[in-house]
K.L.:
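Have a look at the structure that comes next, please.
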Amino acid sequence: NAGVTQTPKFRILKIGQSMTLQCTQDMNHNYMYWYRQDPGMGLKLIYYSVGAGITDKGEVPNGYNVSRSTTEDFPLRLELAAPSQTSVYFCASNKGPSAYEQYFGPGTRLTVT
Amino acid sequence: GQQVMQIPQYQHVQEGEDFTTYCNSSTTLSNIQWYKQRPGGHPVFLIQLVKSGEVKKQKRLTFQFGEAKKNSSLHITATQTTDVGTYFCAGNSGNTPLVFGKGTRLSVIA
């Protein structure tokens, strides 16, 4: 099993550009999450999904969109990138509600200039 | 909303010294999880605590969950250079998503 995979590993965007961060898991997990990690700020939840077709906002959803058409994939869309979205983005998945450990992908380092 | 606070933010220790990080929640937690993130890496799950007063050990690591289920600690005995990284606690109430603390970055001086 590859676990949770994310692409790309690195990306530089210009202000106003858009992009999609890809996340795929092969563990048949129902729950998937997107976090952003800023230096010294821990992990902040952007969006999460409890199953295909169901998504919900986390703590910091503004400027982002998600979709969940399959169990395996949970892409994160950035529209009109802003410097404040410069961060490391982690995708994670687990079997169920928060009582189960989360498996994290390797992350995408995004810079918006 | 729920907040999870973690202290200290940084800790520098000599190899062989002990290390402790503390986690406090503004609300009673259903469970608490601990993760480790190596420099440049991603968070990796260490353990989960669910019972009031629970204590779990993993080799040199000891995890505690407070009696009121609002605080937790991670203690490392005789640190090694392999312990370097950031340790995060994360908790939730009911079925709400996990809330992560800001983490404690541990440096170990050989």
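Side-chain atoms are counted along with the backbone in the values below, which use heavy atoms only and exclude waters and symmetry mates. In the text below, chain A, chain B and the rest are named by the order of the sequence lines, each starting its count at 1.
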K.L.:
Side chain, backbone, both or neither: which part of A:Leu45 has a non-hydrogen atom closer than 4.5 Å to chain B?
P.N.:
side chain
K.L.:
Using a 6.0 Å cut-off, check whether atom OH of A:Tyr100 has over 12 heavy atoms from anything other than its own residue.
P.N.:
no
K.L.:
Do B:Val99 and A:Val60 sit in one hydrophobic cluster, given that two such residues count as connected whenever their side-chain heavy atoms are within less than 4.5 Å of each other, even indirectly?
P.N.:
no
K.L.:
Between the main-chain N or O of A:Gly107 and the side-chain N or O of A:Gln6, is there a donor-acceptor pair closer than 3.5 Å?
P.N.:
yes
K.L.:
Could you tell me which of A:Tyr33, A:Tyr31, A:Tyr35 has the largest number of non-hydrogen atom pairs under 4.5 Å with chain B?
P.N.:
A:Tyr35
K.L.:
Checking B:Thr86 against chain A: side chain, backbone, both or neither under 4.5 Å from a heavy atom?
P.N.:
neither
K.L.:
Measuring heavy-atom distances to chain A, does B:Gln37 have an atom under 4.5 Å in its side chain, in its backbone, in both, or in neither?
P.N.:
side chain
K.L.:
So if you build clusters from Ile, Leu, Val, Met, Phe, Trp, Tyr with side-chain heavy-atom gaps below 4.5 Å, do A:Tyr64 and A:Leu13 land together?
P.N.:
yes
K.L.:
What part of A:Glu59 is in contact with chain B, defined as an atom under 4.5 angstrom from a non-hydrogen atom: side chain, backbone, both or neither?
P.N.:
neither
K.L.:
Determine, using ring centers only, whether A:Phe104 and B:Tyr35 are less than 6.0 Å apart.
P.N.:
yes
